Amino acid sequence: MRYMKRVNKLIGLMIASVFIVGAFTACGNQSMQKSSTEPSQEKQKIVAATSGSPAPFVYMDNNNIVGYDIEVLKEIFRRLPQYELEFQKTEFASIFAGLDSGRYQIGCNHLGYNAERAKKYIFTDEMCFSKRALLVRNDNTDIKSIDDIGGHSTEVTATSFNTDWFEKYNKSHTTNPVILKYVEEDHSVQDVSDGKIDFEFFTKATIQQQIKDIGLKNLKLIDVSKEDFSEGVGNFFIVPKGQEKLGKDMDEAFEAALTDGTILKISQKYFEGEDYTPTLEDIKKEKEKQEKDQ
């Protein structure tokens, strides 16, 4: 009898073990089925292309791409976890070729609004108001304001915003146009200092940074007000048409960062404590202006 009780107990333990193993196996199968049917949460890779200049908007520091534009874009995508942002340095003209081919999804290069480009690309929210200035030598007494640039020389590259603006200026000032010297690489600040050209007209912060980097002492800046020059003072990121969802997501994230003061802190970091940020009203007006142009 004692022997039979032991046998029956052993059989009972074996049956219980089978049920336990079966239960674990069933749970495992359910887990595998669940994981195989759940949708993938992979992030969408976004490549932002930049030439690495001009500072302080975009520049290289120990082989790292940094600057106001770069940090603003990083902050935007910090708020968009569905995307994975990557930067790639390239030639300026290649930014647009890469956007056209799908190699890049964002152009990030201190870009001003251009009606011709707007036919192919979406301009996101204005993310910076760029104060403009004329640069001349200290001994230049002929140029005192933007009204005095006619008949004087400056340098332009084929694809820059300034080139388009100066060419339009010359069409409406045929009797006294600006003398344009077309160059492949922009060395305008140094060339003003050396007397090769009469003036440079660009973003004030960029000119100040170049003067500081080169260490020039014989130059002076002439501020140009927004009233005297309202065209192209805003800066934008661009995305290809067809990427409207990406552009909308970027705008919403930027406006949130602007509202909570994060963008102001980035501005103060790169522009010596100054506020270069737009207001939400500025952004709205710029969008309305762009819509009228198209």
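This is a predicted model, so every value here is computed, not measured. One-based numbering along the sequence shown.
Contacts of Tyr276 classified as side-chain hydrogen bond (donor to acceptor under 3.5 Å, both in side chains), with partners at least two apart in sequence or in another chain: none. Legend: residues meeting salt bridge (Lys or Arg N to Asp or Glu O under 4.0 Å) with Lys45, ordered by chain and number and at least two apart, are Glu86. Looking at residues two or more places apart in sequence or on another chain, you find a ring-ring contact (aromatic ring centres under 6.0 Å, His included) between His173 and Tyr169. Every residue was checked against the side-chain contact (heavy atoms from CB on, under 4.5 Å) condition with Lys217, not counting sequence neighbours, and none meets it. Remark: Asp186 engages Glu155, Thr157, Ser188, Glu200 in a side-chain contact (heavy atoms from CB on, under 4.5 Å) (not counting sequence neighbours). A search for side-chain contact (heavy atoms from CB on, under 4.5 Å) contacts involving Gln268 returns Leu264, not counting sequence neighbours. Listed by chain and number, the residues in a side-chain contact (heavy atoms from CB on, under 4.5 Å) with Ile146 are Leu134, Ile149, Trp165, Phe201, Val224, Asp228, Phe229 (sequence neighbours excluded).
Here the side chain of Gln105 pairs a donor or acceptor atom with the backbone of Val47 at under 3.5 angstrom. In this structure, Asp194 contributes its side chain and Lys196 its backbone to no donor-acceptor pair below 3.5 Å. Asn109 places a side-chain N or O within 3.5 Å of a backbone atom of Ser51 that can act as its donor or acceptor partner. At least one donor-acceptor pair under 3.5 Å links the side chain of Asn170 to the backbone N or O of Val178.
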Sequence neighbours excluded and cut-off under 3.5 Å, please list the side-chain donor-acceptor pairs for residues 206-216, or say none.
unit_1, atom_1, unit_2, atom_2, d
Thr206, OG1, Ala55, O, 3.1
Gln209, NE2, Asp213, OD1, 3.0

What side-chain donor-acceptor pairs closer than 3.5 Å can you find for residues 87-96, not counting sequence neighbours?
unit_1, atom_1, unit_2, atom_2, d
Gln88, NE2, Tyr104, OH, 3.4

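Residues Arg117 and Leu111 meet the side-chain proximity criterion, which asks for heavy atoms closer than 4.5 Å. Using a 4.5 Å cut-off on side-chain heavy atoms (C-beta onward), Met127 and Ile263 make no contact. Proximity of Phe199 to Asn140: side-chain heavy atoms (C-beta onward) are nowhere separated by under 4.5 Å.
A pairwise comparison of heavy atoms in Ala48 and Leu85 identifies CB-CD1, 4.1 Å as the closest pair. Considering all non-hydrogen atoms of both residues, Phe271 and Pro56 come closest at CE2-CG, 3.6 Å. Residues Pro240 and Tyr121 approach most closely at CA-CD2, 4.1 Å, considering heavy atoms.
A donor atom on one side chain and an acceptor atom on the other are not found under 3.5 Å apart for Gln290 and Tyr113. In summary, the side chains of His110 and Asn235 do present a donor paired with an acceptor at a separation below 3.5 Å, with no hydrogens or angles considered.
Applying the side-chain hydrogen bond (donor to acceptor under 3.5 Å, both in side chains) rule to pairs touching residues 52-68 yields nothing, sequence neighbours excluded. Sorted by first and then second residue, the side-chain hydrogen bond (donor to acceptor under 3.5 Å, both in side chains) pairs involving residues 141-151 (not counting sequence neighbours) form an empty list.
Atom CG in Asn218 sits 3.5 Å away from atom OG in Ser193 (nearest 0.5 Å). Here NZ of Lys119 is found 9.5 Å from CG of Asn114. Values are rounded to the nearest 0.5 Å. Atom CZ of Phe237 sits about 10.5 Å away from atom CG of Asp251, to the nearest 0.5 Å. Atoms CG and CG, on Leu219 and Leu221 in that order, are 8.0 Å from each other to the nearest 0.5 Å. Separating the CG atom in Asp249 from the OG1 atom in Thr124 is a distance of 12.0 Å, to the nearest 0.5 Å. Interatomic distance, Glu288 CD to Glu291 CD, rounded to the nearest 0.5 Å: 7.0 Å.
More than 12 heavy atoms of other residues, nucleotides or ligands shown are found within 6.0 angstrom of NZ on Lys220. At most 12 heavy atoms of other shown residues, nucleotides or ligands fall within 6.0 angstrom of atom NZ in Lys248. Under a cut-off of 6.0 angstrom, the local environment of CD in Glu185 is sparse, with at most 12 non-hydrogen atoms contributed by other residues, nucleotides or ligands. Counting non-hydrogen atoms of other residues, nucleotides and ligands closer than 6.0 Å to CD of Glu272 gives a total of 12 or fewer.
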TODO: Test salt bridge (charged side-chain N to carboxylate O under 4.0 Å, His left out) on Asp198 and Arg137 and set out the steps.
DONE: CA-CA 8 Å; Asp198 298 321; Arg137 283 167 56 118; over 6 Å; no
Open item on the list: I'd like to know whether Ile70 forms a side chain to side chain contact (heavy atoms under 4.5 Å, CB included) with Leu73, so could you lay out the CA-CA distance, the side-chain angles of the two residues, the decisive distance to 0.1 Å, and finally the verdict.
Closed with: CA-CA 5 Å; Ile70 303 300; Leu73 195 59; 5.9 Å; no
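The cationic atom of Arg132 (NZ for Lys, CZ for Arg) lies less than 6.0 Å from the six-membered ring centre of Phe202 and within 45° of the ring axis.
Residue Val183 is found outside any hydrophobic cluster, as its side-chain heavy atoms come under 4.5 Å of no other Ile, Leu, Val, Met, Phe, Trp or Tyr.
Of the charged side-chain nitrogens involved, at least one lies within less than 4.0 Å of a carboxylate oxygen, so that Asp223 and Lys204 count as a salt-bridged pair. Contact check on Glu252 versus Arg79 returns no salt bridge, with no Lys/Arg side-chain nitrogen under 4.0 Å from an Asp/Glu carboxylate oxygen. A salt bridge links Arg78 with Glu75; the closest basic N to acidic carboxylate O contact falls under 4.0 Å.
Of the options Ile266, Thr262, Leu258, a side chain to side chain contact (heavy atoms under 4.5 Å, CB included) to Val72 is made by Ile266 and by none of the others.
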